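The block underneath contains the structure these notes are about, expressed in structure tokens.
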Amino acid sequence: MSKDELILPKDFPQLKNDTFLRAARGEQTQHVPVWCMRQAGRYLPEFREFRAGKDFFDTCRSPEACCELTLQPLRRFDFDASIIFSDILVVPQAMGMEVQMVPGKGPTFPDPLKDPEDLQRLKTKVDVQKELDYVFKAITLTRHKIEGKVPLIGFTGAPWTLMSYMIEGSGSKTFSKVKSWLYRYPEVSHLLLKRLTDVIVDYLLCQVAAGAQALQVFESHAGILGPVEFKAFCLPYLRDIARRVKDQLKETGQDVPMIVFAKDAHYGLEDLSQSYYDVVSLDWTIDPRLAREQTGGKVTLQGNMDPCALYAPKERISEIVKTMLEGFGTQRYIANLGHGMYPDMDPESVAAFVEAVHKHSRQMNKQQ
Ligand SMILES: O=C(O)CCc1c2[nH]c(c1CC(=O)O)Cc1[nH]c(c(CC(=O)O)c1CCC(=O)O)Cc1[nH]c(c(CC(=O)O)c1CCC(=O)O)Cc1[nH]c(c(CCC(=O)O)c1CC(=O)O)C2
């Protein structure tokens, strides 16, 4: 991308609530900011109504639809951030692969990569600006329509997670197909991961140019690797993405907080806290105090309530939140779930979660 293309459009409404951005940058906040992964989604009746009868990726390709779905949860809840409605699998599509959303089965690649030669089916040069133009339009439109209420987060899937979908062709229990590539074809695997990284870097920079105020990188399948493979096939690419995006943004005087979510990669926490990301997002299986120890105060932490705790009565949600806040502390912290919302969750529980984070963190800050 050229320097000029990276300059932000300037006529966006002024941001009224910067709590999330302050926490991400390690600045003091009066309350702990909170948002939820998959906060736009099937647990909301208005989402189900809006999506009814429409193809999932057609929805992703409509900037107006993405904008509406991004705004829906903000009308109900006092979230401190929003995330653009889209999907991680738009990147493999931009590289030339077909992906369908099969109801009841999830994302499905009719023709996944089977052998190293299949890499030839991928586009050698991906014009990200053109191929994913609909995402950038959605971000710009949403940034206007949000009227500065809260910041807008852009996101991408990370290389290993996308590679696993491209080879498995869908979700999997064992991930044995994609893992077999790591052991049988390590060099080709690195080649594919490198190509994904290049596209992702461009993709994130274009999202910032379109108006994204923070970026989250989803390495949702990190946990199917052991520590050795994580260090070889995940970490270097996650680092490369943050370093390259940050370097390019710095040239234009911009500093956009970056969040990494490597689900279930406990053994990688220390490394992740030294990988150019401002925020490390945690799943629910890690103890908050241990996570603070392992990341040594170098980064802001995000997470990590078990999404299933939202099935608890409201009073119990409030207690769980309080314990979580005591574990993380109220500074350099963004409250979230340890992964996304499930379709059968009650929106009222989300309201209770958000309210508890705000209430307890304000009280705890007063006592300090
Ligand atoms: O359950 C299904 O039928 C397919 C769900 C699925 C999708 N993409 C996928 C998966 C696999 C999975 O999550 O396990 C594949 C997918 N999409 C995404 C991730 C990253 C992650 O959740 O760890 C993943 C990988 C998850 C994994 O494999 O573990 C990211 C995603 N999907 C989505 C969003 C946008 C948003 O929430 O605003 C986001 C981004 C950020 C976020 O908010 O967390 C939206 C999305 N994608 C999808 C759906 C459901 C389909 C529909 O609305 O018709 C929905 C809405 C919803 O969750 O209710 C499709």
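In this text the structure is predicted, and so the values were computed from the model without any measurement. Numbering starts at 1 and runs along the sequence shown. The figures here come from the full heavy-atom set of this structure, side chains too, leaving out hydrogens, waters and symmetry mates. Counting starts at 1 for both ligands and their atoms, following the listed order.
- A cation-pi arrangement is found for K54 relative to F50, the charged atom lying closer than 6.0 Å to the ring centre and inside a 45° cone about the ring normal.
- If you chain together hydrophobic residues whose side chains sit under 4.5 Å apart, L205 and Y134 fall into the same group.
- Between F85 and F56, the ring-plane angle classifies as perpendicular under the 30° and 60° cut-offs.
- No salt bridge links R42 with D344; every basic N to acidic carboxylate O contact stays at or beyond 4.0 Å.
- Annotation: K16, atom NZ; neighbour count of heavy atoms from other residues, nucleotides and ligands within 6.0 Å is above 12.
- Protein residues with any heavy atom under 4.0 Å from ligand 1: M37, R38, A40, G41, R42, F47, R51, F56, I83, F85, S86, D87, I88, M101, G106, P107, F155, Y165, F218, S220, H221, H339.
- Using modelled atom types and a 3.5 Å distance limit, the side chains of T161 and E219 yield a donor-acceptor pair.
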